[in-house]
Colleague: 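Encoded as structure tokens, here's the structure I'll be asking about.
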Amino acid sequence: MNAQIVARAGIGELGVQLRRAGRRVAFANGCFDVLHPGHVRYLQAAKQQADVLVVGINSDRSVSALKGPGRPLLSAQARAELIAALEAVDYVVIFDELTVEALLSELRPDVHCKGSDYTTETVPERALAKRLGIAVAIVGDPKDHSTRGLLAEIARRCRKD
């Protein structure tokens, strides 16, 4: 297994180790079902917020619950390997919950990074982040890339052929 991919049960200990080492930690998350430029830019911008970037990847079950039938296309392990291979990413954790509140509570990052489809007021975990002293940063380019849009375009092109 890739050393960058941390077991879900070990995320709290990772946070402790990073804090002890004096490292500033950013956390970002997503399904990352089909990797596209928006994902890469989001993670690059998240990395700029800290010394270490930890990325949460939704499990297959949680992607299916969030995105609907037929998703994910790639397994959680495959998605984790792809995200871990990106230069900006230091650690990846696969999580089964529908929200990242438990991960934030256990990891205790310095910054919780969300994409530009959010505002600081619409981040679902904003109250928890505030209570824990975690800054919230909106990062990445404008949301003009989406997995749903990419899949729709692939389907459209296949119908033409």
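We're numbering straight along the sequence, starting at 1. In this text, all values refer to a predicted model and were calculated from it rather than measured experimentally.
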Colleague: For a quick test of reading the model, state the closest non-hydrogen atom pair linking Ala129 to Val136 and the distance between them.
Modeller: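 It is CB-CG2, 3.8 Å.
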
Colleague: Any side-chain heavy-atom pair from Val25 and Arg19 closer than 4.5 angstrom?
Modeller: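 SC-SC contact between Val25 and Arg19 ruled out.
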
Colleague: May I ask you to decide whether Asp33 forms a salt bridge with Lys67, counting only side-chain N to carboxylate O separations under 4.0 Å?
Modeller: no

Colleague: Rounded to the nearest 0.5 Å, how far does NE2 of His39 lie from CZ of Phe32?
Modeller: 5.5 Å

Colleague: If you define the side chain from C-beta out and look only at heavy atoms, does anything of Leu74 sit under 4.5 Å from Leu82?
Modeller: yes

Colleague: Is Asp90 salt-bridged to Lys47, cutoff N-O under 4.0 Å?
Modeller: yes

Colleague: Nearest heavy-atom pair of Lys114 and Pro124: which atoms, and what distance?
Modeller: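 In this case the closest contact between Lys114 and Pro124 is CE-CD, 4.4 Å.
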
Colleague: Working to the nearest 0.5 Å, report the span between CZ of Arg126 and NZ of Lys130.
Modeller: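 Arg126 CZ to Lys130 NZ: 10.5 Å, rounded to 0.5 Å.
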
Colleague: Measuring from Ile138:CD1 to Ser116:OG, what's the distance to the nearest 0.5 Å?
Modeller: 8.5 Å

Colleague: Quick check: do Arg71 and Val63 have side-chain heavy atoms less than 4.5 Å from each other?
Modeller: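 Heavy-atom side-chain distance check passes, below 4.5 Å.
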
Colleague: Can you name the nearest heavy-atom pair linking Ala45 to Gly140, along with the distance?
Modeller: CB-N, 3.5 Å

Colleague: Identify the two heavy atoms, one from Gln49 and one from Ala26, that lie closest to each other, and give their separation to 0.1 Å.
Modeller: CB-CB, 4.3 Å

Colleague: Please report the interatomic distance CG(Leu132) to CG(Asp110), rounded to the nearest 0.5 Å.
Modeller: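 One gets 12.0 Å once the value is rounded to the nearest 0.5 Å.
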
Colleague: Calculate, to the nearest 0.5 Å, the distance between atoms CG and CD belonging to Leu86 and Glu81 respectively.
Modeller: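 Rounded to the nearest 0.5 Å, the CG-CD separation comes out at 12.5 Å.
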
Colleague: Calculate, to the nearest 0.5 Å, the distance between atoms CG and NE2 belonging to Asn29 and His112 respectively.
Modeller: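 NE2 of His112 is found 5.5 Å from CG of Asn29.
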
